[in-house]
Amino acid sequence: MKDTDYAFCVARIRANESNLLSAEFIKKLAEAENYEAAVNLLVTVGWIDSDAKDDDYIRVQSRNLWTLLSESVPDKKVLDYLCVLNDYFNIKTAIKCVLSGENADKYYAEPSSLVLGSLCGSIDSRDYDTFKSESMRAATKTAFETVCITNRGQDAEMILDVAALEALLEIYSKCKYRVFSEICAFIVDSSNIRTAIRCACNKKDAEFIAAALSDCCKIKKDKLISESVDGVEALREYLSTSEYSKGAELYFTNSALYDNWCEKKVLEIATGSGFTAFGFDPVCAYFYRKNNEIKTVKLILNAKKSGIPTDLLKERVMVAYA
Amino acid sequence: MSNLGLFFAILGAALAVGLAGIGSAKGVGLTGEAAAGLLSEKTDMFGKVITLQILPGTQGLYGFIVALVLLNKIGVFSGNVVDITLQQGLSLFAACLPIAITGFFSAIYQGRVAAAGISLIAKQPTMLGKSMTLASIVELYAILTLLVSYLAVFNISVG
């Protein structure tokens, strides 16, 4: 598919970009007196439909975003790329719910390329044909069998997390859209760094670390394993020479700061699509920016409901949304 | 031999109007797609996007003008087709190539610039003037080749 096939889609996305909430508005929202005042503010800018039900706002926005992308993108297959992490998260959720007997519907992450209504049933009956890729089928099968035999949920989670990163790695290697493949590379590397630091802190052995990490894009997996085995300081020194040094250093201070840094970095990479006239990159950038907006509004509304002090909320929100 | 001269002259006219027309159709089509994307979200922008969509259509018009001048010159319209030597036919054919080739490519590239301009005004409606200026710069090369093709066709003696 040629990048100019995205002309309709990109123009539509650009028109929607102008409706994204500004940092000033988010600040105003965080300063709102209470939950009702915050909702009223969102109604005035049309973010919330005045007839919408309480607690449904976020889900409606997520679904509207996905509808917009599905209606506009000429090649629907590329949208599956955006669902990879949600898909694997949903498989983990379904496995947990099959084993615990709980209803999984309220825990699923959207959007997803999987048929969520029948996901638990497919796993329970070990019928993996509805999964889109062979690697997803194999990972789900192994994870479910592992947890059934060993009763170790952590191992199953690890198998699926590594499979998700390998799926992103595959997209990175074959995707011709620069911004999106950069985002995939960043997610893979930053997730592996997070895992490696945790392993080093918990003094895990090389075999465990090798199983917990996927291949990397811009750092060396072998080196991550060997430095993690050598200890936290050795790993810290190795990471200080990589392009992830700033973020890694934050993790050693506070893991939440590292997560913030990762989110901001993804948005920073996505901003690069501002100079791209056609193709999938502007679509992908809008997806990440809109998701960040939805997440921020969700955070503010939840904080208002819980009565979290405005100053604390503003500090947290403005770091993520600036 | 004279028929072959006529064949090349008419082939030149066909390429001038055909290639420049295909280029324009592609350019206008691309811009139209972008315009539809914008209009699906902001219906009041029609007046702005139509000015940008028109721009890549001019190359087809330039090719049409050159073809008309050539066909008129060889007497197709009057019904008295003049005798044309092979050399004259090839000269007329060569004279049509600048607008045929440059018209084809410049219309496509102008379409890309105009479609990108539509994405620009989707975010910032005040940028219409700048978007049009950017797209118009591509037009310059189509105008230059129109002049060359027109003057060449006009000044080649036939009959």
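Chain identifiers are assigned alphabetically (A, B, ...) following the order of the sequence lines, protein sequences preceding nucleic acid strands; residue numbering begins at 1 within each chain.
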Step through the shown structure and confirm whether more than 12 heavy atoms of other residues, nucleotides or ligands are within 6.0 Å of [atom1] on [X].
{"X": "A/Lys176", "atom1": "NZ", "value": "yes"}
{"X": "A/Tyr108", "atom1": "OH", "value": "yes"}
{"X": "A/Lys246", "atom1": "NZ", "value": "no"}
{"X": "B/Phe77", "atom1": "CZ", "value": "yes"}
{"X": "B/Phe105", "atom1": "CZ", "value": "no"}
{"X": "A/Lys76", "atom1": "NZ", "value": "yes"}
{"X": "B/Gln87", "atom1": "CD", "value": "no"}

So which atom in [X] and which in [Y] form the shortest heavy-atom distance, rounded to 0.1 Å?
{"X": "B/Leu30", "Y": "A/Thr4", "answer": "CD1-O, 3.5 Å"}
{"X": "B/Arg112", "Y": "A/Asp3", "answer": "NH2-OD2, 3.5 Å"}
{"X": "A/Phe8", "Y": "B/Gly37", "answer": "CD1-N, 3.2 Å"}
{"X": "B/Ile118", "Y": "A/Ala11", "answer": "CG2-CB, 4.3 Å"}

Subject >> Rounded distance (nearest 0.5 Å) linking atom CD of A/Glu17 with atom NZ of B/Lys123 >> reply: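 The distance works out to 4.0 Å.
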
Original post:
If you measure from CZ on A/Arg12 to OG on B/Ser119, what distance do you get to the nearest 0.5 Å?
Top reply: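 Reported to 0.5 Å precision, the distance equals 13.5 Å.
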
Original post:
Taking the side chain as C-beta and beyond, is there a heavy-atom pair between B/Lys42 and A/Ser18 under 4.5 Å?
Top reply: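 In short, these two side chains touch, coming nearer than 4.5 Å.
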
Subject >> Student check: side-chain heavy atoms of A/Leu68 and B/Glu41 closer than 4.5 Å >> reply: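 Heavy-atom side-chain distance check passes, below 4.5 Å.
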
Select one option (side chain, backbone, both, neither) describing which atoms of [X] are under 4.5 Å from chain B's heavy atoms.
{"X": "A/Asn19", "answer": "neither"}
{"X": "A/Phe278", "answer": "side chain"}
{"X": "A/Ile13", "answer": "neither"}

Subject >> Winner by heavy-atom pair count (cut-off under 4.5 Å) against chain A, out of B/Gly111, B/Ala122, B/Pro125 >> reply: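 Answer, by heavy-atom pair count under 4.5 Å with chain A: B/Ala122.
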
**OP:** Under 4.5 Å, counting heavy-atom pairs only, tell me which of B/Ala34, B/Gly32, B/Ala116 racks up the most with chain A.
**Re:**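 Maximum pair count with chain A is reached by B/Ala34.
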
